[in-house]
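Here is the naming used below: chain letters follow the sequence lines, and residue numbers restart at 1 for every chain. Remember, it's a predicted structure, so these values are computed and weren't measured experimentally. Worth knowing before you read on, the calculation uses all heavy atoms, side chains too, and leaves out hydrogens, waters and symmetry mates.
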Number of protein chains: 4
Amino acid sequence: MDQQVKDKKAAIMDAALKLFTERGFHGTSTAQISKDAGVATGTLFNYFPTKENLINSLYFEVKGRLSRSIRVGIDEEVSFQDKLRRLWSNIIKWGVNSPEEYLFVEQFCSSPYITKITREEVMKEYIFLNELVQEGIASGVLKDYTPELTMTIFFHGTKALVNLILDPNVSLDAEELIENGFRIIWNGLTGK
Amino acid sequence: MDQQVKDKKAAIMDAALKLFTERGFHGTSTAQISKDAGVATGTLFNYFPTKENLINSLYFEVKGRLSRSIRVGIDEEVSFQDKLRRLWSNIIKWGVNSPEEYLFVEQFCSSPYITKITREEVMKEYIFLNELVQEGIASGVLKDYTPELTMTIFFHGTKALVNLILDPNVSLDAEELIENGFRIIWNGLTGK
Amino acid sequence: MDQQVKDKKAAIMDAALKLFTERGFHGTSTAQISKDAGVATGTLFNYFPTKENLINSLYFEVKGRLSRSIRVGIDEEVSFQDKLRRLWSNIIKWGVNSPEEYLFVEQFCSSPYITKITREEVMKEYIFLNELVQEGIASGVLKDYTPELTMTIFFHGTKALVNLILDPNVSLDAEELIENGFRIIWNGLTGK
Amino acid sequence: MDQQVKDKKAAIMDAALKLFTERGFHGTSTAQISKDAGVATGTLFNYFPTKENLINSLYFEVKGRLSRSIRVGIDEEVSFQDKLRRLWSNIIKWGVNSPEEYLFVEQFCSSPYITKITREEVMKEYIFLNELVQEGIASGVLKDYTPELTMTIFFHGTKALVNLILDPNVSLDAEELIENGFRIIWNGLTGK
DNA sequence: CATGAATGAGAATTCATTCAT
DNA sequence: CATGAATGAATTCTCATTCAT
């Protein structure tokens, strides 16, 4: 009973995630979402009063999952380099293992359909990363570039890797790519 | 008259570029494009038989402009490092100076509305970049990572810089950011 | 329990009366009625198989209450004028004291949602009024206009008074208005 | 060309008038209006941006026609009684000859779908009637009841007559009914 | 009987596209 | 070629009604 409810809501969110990612917000009809989720058109609106509410709920949830995955195991690492490598690897692996969620977040993180409220609610994680980078610069391990520059290069580096690994035309060993990618970024951010 | 024709077509493309970038493909109506371009709704369809044709034409043209801008002055540079620095700077400056075109290409490069044909037609430029990187690796200046890895890190690096410079919340000196960004990537790609 | 049943049914009818009057038949959803009545959406359909049945039941009941109120005390009056004045006053006071029921009847007496059957069932009371007027004409007190004319002027007169007294922009003494209104109609129907 | 445009708009308004009157605002779908008007569903929205705008435009126009009809010939009458009789007759005849428009105004004059703006725009005519009644009271011809009482009795009297004449179950001579009706009201409003 | 999630037909509105002028 | 009214399929969302619990 309670299970069925969860199932329908989850089915709608799953279908929406896939379709929004593939075809965008306006390119996806609520009818198609309902159909793919195996529910009636009206059912979607029992759970999400509007299409916008649906995408916001989805964004909130997916970003939450991402947020939690990213942090895993970092505290257990001792050296700063290992912490950063773990973060690098966590982000990329999450993207590779949840490509739909990854692409969804990429596509809608700056979309007008995501409310400012949803976005702010979700920005909190950013602080964690910011602190890590600040710590690296303060300890002298990372070179003293503007933190924003360091951070954006690091993040776009992870994006580069996810895209490369997911590219169907390229089949290279993922673990090796991740390690080499990290070496490039690490050399870049610490090099003379 | 011939001028007017050019003007109308150009006006439509300009309006479309702006609207597609801001609101996406399905979020933009042909009526709105016509209105912003100052022409009648029917006129748009005299130049572009369908909305999809319009966005493909637009993509083709914008990508062409990008392609040409990127190459400027590279042949005049002598050292490999200067060639790469020039390429780095060309890409970023184009993005910063033509933010709408830049965002348009970013947004629609992997969109389903862009035909495979359009995309392939446009891929040719890639070869030029590929050759440059291959040359760098062959000459031993760049470290011997898989070329795809090197290339994607480089490109995502330029994206990182464009986004950073365009970010309205961040106001740092663009030239300095570009140079520092290049130093990071160069160190990364050449470092031990 | 039997009490509860009555309560739920009555609560539904109360809520329906108010909402139908305020927003019309199609402007009122059964969900809203249920909500205002404090019952589940399905409960409404345990008592009334359809929305149309609900409004018909409501109409039947309200019209019945009106019918009974109107007659009160008329038999105790002796003169014809007093009987008619009492009827006049009864109708108006019912309207003023039960404005929702009054407006409901006014609004739906000629509506397509009220079945012919319901309407006919309810017409019976009309006979009583008809007889009273016939009696007045026969006795020579009322002038010899077509009875239909006399009746409709009388009824529309009561409507005029109810609307006037209920008008929030007008604040005049109700008793005096009723008496003056009656004088006008009486003079009209008996005058030379 | 210009004719066709007028035709479509007029056809839509005609169909809407009929349907709104018969089935109410929410009971009438824009699809049905379009169908009855013989145009496509989208065409309706070329002329009226929303359903509410349609009913307001309609109300505005119909009320304007009523307003003009009512005044006809009153200035040519000399005595106050003849002026009032003419007004009486004008109103009733308009209602009898344009029953749909009459019922439409009756039904929607106090409806929430008619904007306050539309209503106020339309209230102006009321002043004219008010002045006439004030004049009658001031000159001592009408008895000195509150003007609101006099006016509402008069108006509801016209409604009574229109309903009576339009009633398919009643077939009496209209002219005679109108004259007798006026006599009743006149006697009422002037009687001792 | 009471409940409220589920249903899907139907409602208002939008929009790419056509075509007569 | 330019125009913009006309079209009708498609979209988001509502709601009377059902039915398993």
Could you give the [atom1]-to-[atom2] distance, from [X] to [N], as a whole number of Å?
X: B/His26; N: F/dT12; atom1: NE2; atom2: C1'; value: 15 Å
X: B/Asp36; N: E/dC15; atom1: CG; atom2: P; value: 13 Å
X: A/Phe20; N: F/dT11; atom1: CZ; atom2: P; value: 13 Å
X: C/Phe48; N: E/dA2; atom1: CZ; atom2: P; value: 11 Å
X: D/Lys35; N: E/dG10; atom1: NZ; atom2: P; value: 12 Å
X: C/Asp7; N: E/dC1; atom1: CG; atom2: P; value: 14 Å
X: D/Asn53; N: E/dT14; atom1: CG; atom2: P; value: 12 Å
X: D/Ile12; N: E/dT13; atom1: CD1; atom2: P; value: 14 Å

Pairing partner (Watson-Crick or G-U wobble, both distances under 3.5 angstrom) of E/dC1: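 In the structure as shown, E/dC1 has no Watson-Crick or wobble partner.
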Please give the nucleotide sitting opposite E/dA6 as a Watson-Crick or G-U wobble pair, both distances under 3.5 Å, or none.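 Its partner is F/dT17.
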Has D/Lys8 got a side-chain N or O lying under 4.0 Å from the OP1 or OP2 atom of F/dT7?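 For F/dT7, OP1/OP2 do have a side-chain N/O of D/Lys8 under 4.0 Å.
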With respect to the phosphate group of F/dC1, does any side-chain polar atom (N or O) of B/Asn46 fall under 4.0 Å of OP1 or OP2?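 For B/Asn46, the contact criterion (side-chain N or O under 4.0 Å from OP1 or OP2 of F/dC1) is not met.
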C/Ser29 versus C/Ile33: any side-chain heavy-atom pair under 4.5 Å?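 Contact flag for C/Ser29/C/Ile33 side chains = no.
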For DNA chain F, whose closest nucleotide is more 5', that of B/Gly42 or that of D/Gly38?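 Checking each residue's closest nucleotide, the 5'-ward one belongs to B/Gly42.
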Want to settle it: does D/Val39 or C/Lys51 sit nearer the 5' end of DNA chain F, counting the closest nucleotide to each?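 Residue closer to the 5' terminus by nearest nucleotide: D/Val39.
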Which residue lies toward the 5' end of DNA chain E, C/Leu44 or D/Ser29, if each is placed at its nearest nucleotide?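 Final value for this comparison: C/Leu44.
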Taking for each residue the nucleotide of DNA chain E with the nearest heavy atom, is it B/Phe25 or D/Phe45 whose nucleotide lies nearer the 5' end?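 Checking each residue's closest nucleotide, the 5'-ward one belongs to D/Phe45.
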Among [options], which nucleotide sits nearest the side chain of [X]?
X: D/Thr30; options: E/dT13, E/dA16, F/dG8; value: E/dT13
X: C/Tyr47; options: E/dA2, F/dT12, F/dT3; value: E/dA2
X: C/Thr41; options: F/dT18, F/dT12, E/dT18; value: F/dT18
X: C/Thr50; options: F/dT17, F/dT12, E/dT17; value: F/dT17

Base of E/dA5, side chain of A/Thr43 - is there a donor-acceptor contact under 3.5 Å?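 Between E/dA5 and A/Thr43, which were checked side chain against base, a qualifying N/O pair under 3.5 Å is absent.
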Distance alone, cut at 3.5 Å: any donor-acceptor contact between the side chains of D/Asp36 and D/Gln32?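 On atom types as modelled, these side chains qualify, holding a pair under 3.5 Å.
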C/Phe25: which of C/Phe108, C/Phe104, C/Tyr59, C/Phe20 passes ring-ring contact (aromatic ring centres under 6.0 Å, His included):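 Between C/Phe25 and the candidates, ring-ring contact (aromatic ring centres under 6.0 Å, His included) is satisfied uniquely by C/Phe20.
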Mind checking the CD1-CG spacing from A/Ile55 to A/Leu17? Nearest 0.5 Å is all I need.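 Result: 9.5 Å between the selected atoms.
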If you measure from OH on A/Tyr47 to CE on A/Met13, what distance do you get to the nearest 0.5 Å?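 If I round to the nearest 0.5 Å, the distance is 12.0 Å.
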Provide the closest heavy-atom pair for B/Leu44 versus B/Ile12 in the form atom of the first, atom of the second, distance.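 Scanning both residues, the minimum pair turns out to be CA-CD1, 3.8 Å.
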Which part of the nucleic acid, if any, lies within contact of C/Thr28, taking any heavy atom under 4.0 Å across all strands shown: a base, the sugar-phosphate backbone alone, or nothing?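 It contacts sugar-phosphate atoms only.
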